[in-house]
Trainee: 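If you scroll down you'll find the structure; I have some questions about it.
Nothing here was measured: the structure is a model prediction, and the numbers come from that model.
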Amino acid sequence: MSRPGLFSRCAPWLFAVTAVSPELLAAQRATVGPLLPARAATRIALPEVLAVSADSQYTLLLPALYEPRALYRTVAGEWTIAEPVFRRDSLRAARSVVGKAVGLYIDGVAVGTGRVRQVQAGLCDEPPAWCPTRATVEVVGGLTSSTPPIVAVSPPPTHSAETVEPTDDEVGAASRALLAVFRMAAGPRQPIREEQMSTPVVFAINDVDNARRVLVAGGSYDLGRAGALSGVVVGIAADTLLRAATGRARRLAPGISEELRSVSAFDLNGDGRDEVLCGWVSGGEWQFEILSPDRLGRFSQQWRGPDRSPPPARPRR
């Protein structure tokens, strides 16, 4: 299976941004809404198991397993925490994951099936901190392709859509929308120049069954000594524009980079609309988020992880 080439996805944006009229850019900017965390009333039911193999191992994203533990000692008649030891994985919860059947996908295309055989603790670093929980997935039979990232989902979704190479018009539309997101984030007092925006990475999701193509674009904007803005925009391709587009930008400290590396689409909750799983590399670590559309096609953030913050220590006794 051929994967979208980085150059072919990104190169046309330079011409597309500079060639667009000011009126068209203003119209695009007005249609990009904020990409926000989903409200409690609109949160979807997430799958029982979600794991991603971006290298040689699977990172277990769902469920998030926690079990804080601490060692205590008595000093002058008072109990104090001597050596906090946190264990990320509850043994009972881990046992509920082991044995689950999973569907395996690459770029939204089913490549085989597997079964979770083991969950490995995520304790690491000094002082103790959380590292991503690892899962061992045993392939049942063989895979039609094995190029990472591979996404394991249980129960296997009833529908998925393939991530394909975008057209030149789609790259231009996503790039203009991303530039508009940076303009909104910077505010009216800070001029935004196109040449300070990095070459965006654009992914196209070809949802044949629903007769639409979803575009996801990520990029950064150089703020000089102040660092950079990292942005993402997602919407439905409509010729040279992005319909129902939502986006966000967040500030990065100087020397920090963030890159969108993978995009896959699955109907994770069986409502007939595909959720989008985005994989980012930030500071050398993988981070993932799940974006879900509403009935109008506007996306919101349903989940982000894995969470590396440890559970709070037990209070002193």
Trainee: Compare all side-chain heavy atoms of Ile290 with those of Val276 and state whether any distance is below 4.5 angstrom.
Mentor: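 Of all side-chain heavy-atom pairs linking Val276 with Ile290, none is under 4.5 Å.
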Trainee: Let me confirm one number: the CZ-CG distance from Arg273 to Asp294, rounded to the nearest 0.5 Å.
Mentor: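 Taking CZ in Arg273 and CG in Asp294, the distance rounds to 7.0 Å.
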Trainee: Mind checking whether Val153 and Leu62 sit in one hydrophobic cluster, side chains of I, L, V, M, F, W, Y counted as touching below 4.5 Å?
Mentor: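 Both belong to a single hydrophobic cluster.
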Trainee: When rounded to the nearest 0.5 angstrom, what distance separates CD in Gln196 from CG in Leu179?
Mentor: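 Here the interatomic distance stands at 11.0 Å.
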Trainee: Is there a donor-acceptor contact under 3.5 Å from the side chain of Asp107 to the main chain of Val109?
Mentor: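 The answer is no, because no donor-acceptor pair under 3.5 Å joins these two groups.
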Trainee: Considering non-hydrogen atoms only, spot the tightest contact between Ala174 and Ala217 and give its length.
Mentor: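 Nearest pair, atom of Ala174 first, then Ala217: CB-CB, 3.8 Å.
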Trainee: Has Asp55 got more than 12 heavy atoms of other residues, nucleotides or ligands less than 6.0 Å from its CG?
Mentor: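 Yes.
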Trainee: Using distance alone, with no hydrogens and no angle criterion, decide if Trp280 and Glu259 have a side-chain donor and acceptor under 3.5 Å apart.
Mentor: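 The answer is no; no qualifying pair exists.
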Trainee: Find the distance between CG (Leu260) and OG (Ser230) and round it off to the nearest 0.5 Å.
Mentor: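 Reported to 0.5 Å precision, the distance equals 9.0 Å.
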Trainee: If you compare all heavy atoms of Asn206 against all heavy atoms of Ala161, which two are closest, and at what distance to 0.1 Å?
Mentor: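 Asn206 and Ala161 have their closest heavy atoms at O-CB, 3.8 Å.
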Trainee: Rounded to the nearest 0.5 Å, what separates atom CG in Leu268 from atom OG in Ser292?
Mentor: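 So the CG of Leu268 and the OG of Ser292 are separated by 8.5 Å.
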Trainee: Keeping the roles fixed (side chain from Ser198, backbone from Ser220), state whether a donor-acceptor pair exists under 3.5 Å.
Mentor: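 Confirmed, Ser198 side chain pairs with Ser220 backbone.
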Trainee: Write down the atom of Ala244, the atom of Leu296, and the distance for their closest heavy-atom approach.
Mentor: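 Looking at all heavy atoms of both residues, the shortest contact is CB-O, 3.8 Å.
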Trainee: Are Val97 and Val102 linked, directly or through intermediate hydrophobic residues, by side-chain heavy-atom contacts shorter than 4.5 Å (ILVMFWY only)?
Mentor: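 Linked within one cluster.
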Trainee: Using modelled atom types only, decide if a donor and an acceptor are shared between the side chain of Ser160 and the backbone of Gly108 within a distance under 3.5 Å.
Mentor: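 Yes, the answer is positive, given that a donor and an acceptor are paired below the 3.5 Å cut-off.
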Trainee: Indicate yes or no for a side-chain donor-acceptor contact from Asn210 to the backbone of Arg212 under 3.5 Å, with no hydrogens or angles considered.
Mentor: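 No, because the side chain of Asn210 does not come within donor-acceptor range (under 3.5 Å) of the backbone of Arg212.
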Trainee: If every non-hydrogen atom of Val137 is compared with every non-hydrogen atom of Gly114, which pair is closest and at what distance?
Mentor: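 Result for this residue pair: CG1-CA, 4.4 Å.
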Trainee: Quick check against the 3.5 Å criterion: does Asp222 have a side-chain atom that pairs as donor or acceptor with the backbone of Gly224?
Mentor: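 Yes, the answer is positive, given that a donor and an acceptor are paired below the 3.5 Å cut-off.
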Trainee: Under the side chain to side chain contact (heavy atoms under 4.5 Å, CB included) rule, what do Phe203 and Ser264 come out as? Steps first, then yes or no, please.
Mentor: CA-CA 9 Å; Phe203 297 83; Ser264 302; over 6 Å; no
Trainee: If you round to the nearest 0.5 Å, how far is CG of Leu277 from CD of Glu289?
Mentor: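 The distance works out to 9.0 Å.
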Trainee: Run the salt-bridge test on Glu170 and Arg176 with the 4.0 Å N-O cut-off and return the result as yes or no.
Mentor: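 So Glu170 does not pair with Arg176 through a salt bridge.
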Trainee: Grab the two heavy atoms, one from Ala185 and one from Ala249, that are nearest each other, plus how far apart they are.
Mentor: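 Where Ala185 meets Ala249 most closely, the heavy atoms are CB-CB, 3.7 Å.
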Trainee: Supply the atom-to-atom distance Ile236 CD1 to Ile205 CD1, rounded to the nearest 0.5 angstrom.
Mentor: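 Here the interatomic distance stands at 10.5 Å.
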Trainee: Below 4.5 Å, heavy atoms only, C-beta onward: do Leu104 and Val139 meet side chain to side chain?
Mentor: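 Yes - at least one pair of side-chain heavy atoms lies under 4.5 Å apart.
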Trainee: When you measure from the side chain of Thr133 to the backbone N and O of Leu60, does any donor-acceptor pair fall under 3.5 Å?
Mentor: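 No.
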Trainee: Can you check whether Glu258 reaches Arg250 side chain to side chain, under 4.5 Å on heavy atoms?
Mentor: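 The answer is yes, as the side chains (C-beta and beyond) meet within the 4.5 Å cut-off.
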Trainee: Please answer whether the main-chain N or O of Val263 pairs with a side-chain N or O of Thr163 as donor and acceptor at a distance below 3.5 Å.
Mentor: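 Yes, because the side chain of Thr163 sits within donor-acceptor range (under 3.5 Å) of the backbone of Val263.
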Trainee: Going through the checks in order, is the side chain to side chain contact (heavy atoms under 4.5 Å, CB included) test met by Leu252 and Ser257?
Mentor: CA-CA 7 Å; Leu252 301 178; Ser257 63; 5.6 Å; no
Trainee: Should Leu36 and Gln301 count as side-chain neighbours, where that means a heavy-atom distance under 4.5 Å?
Mentor: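 They are not in side-chain contact.
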Trainee: Within the 4.5 Å heavy-atom criterion, are Thr136 and Tyr58 side-chain neighbours or not?
Mentor: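 They are not in contact (no side-chain heavy atoms under 4.5 Å apart), so the answer is no.
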Trainee: Please check if Val201 and Val281 belong to a single hydrophobic cluster, counting links between Ile, Leu, Val, Met, Phe, Trp and Tyr side chain heavy atoms closer than 4.5 Å.
Mentor: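 Hydrophobic grouping puts Val201 apart from Val281.
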Trainee: Taking the side chain as C-beta and beyond, is there a heavy-atom pair between Asp274 and His159 under 4.5 Å?
Mentor: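 Yes, close enough: below the 4.5 Å cut-off.
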Trainee: Quick one: do Thr246 and Val234 satisfy side chain to side chain contact (heavy atoms under 4.5 Å, CB included)? Show the steps, please.
Mentor: CA-CA 6 Å; Thr246 56; Val234 55; 3.5 Å; yes
Trainee: Show your reasoning for whether side chain to side chain contact (heavy atoms under 4.5 Å, CB included) applies to Trp286 and Val52.
Mentor: CA-CA 10 Å; Trp286 278 91; Val52 177; over 6 Å; no
Trainee: Do you know which two heavy atoms are closest between Leu215 and Ala204, and how far apart they sit?
Mentor: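 Reported closest heavy-atom pair: CD2-CB, 3.7 Å.
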Trainee: Does Pro293 offer a backbone N or O that forms a donor-acceptor pair with the side chain of Arg298 under 3.5 Å?
Mentor: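 Not a single qualifying donor-acceptor pair exists.
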Trainee: With no hydrogens and no angle check, is any side-chain donor or acceptor of Asp267 less than 3.5 Å from a backbone partner on Asp271?
Mentor: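 Yes, the answer is positive, given that a donor and an acceptor are paired below the 3.5 Å cut-off.
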Trainee: Salt bridge check: are Glu138 and Arg115 linked by an N-O gap of less than 4.0 Å?
Mentor: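 Salt bridge: no.
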Trainee: Using a 4.5 Å cut-off on heavy atoms from C-beta on, say whether the side chain of Val98 contacts that of Arg95.
Mentor: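 Of all side-chain heavy-atom pairs linking Val98 with Arg95, none is under 4.5 Å.
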Trainee: Within the structure provided, determine whether Leu50 and Phe288 are in side-chain contact (heavy-atom separation under 4.5 Å).
Mentor: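 The answer is no; the side chains never approach within 4.5 Å.
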Trainee: What class does the angle between the rings of Phe182 and Tyr221 fall in, given that below 30° is parallel, 30 to 60° is tilted and above 60° is perpendicular?
Mentor: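 Taking Tyr221 first and then Phe182, their aromatic rings sit tilted (interplane angle of 30° to 60°).
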Trainee: Output yes when a side-chain donor or acceptor of Thr42 lies under 3.5 Å from a complementary backbone atom of Ala38, and no otherwise.
Mentor: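 Not at all, since once roles are kept as given, no pair shorter than 3.5 Å links the two residues.
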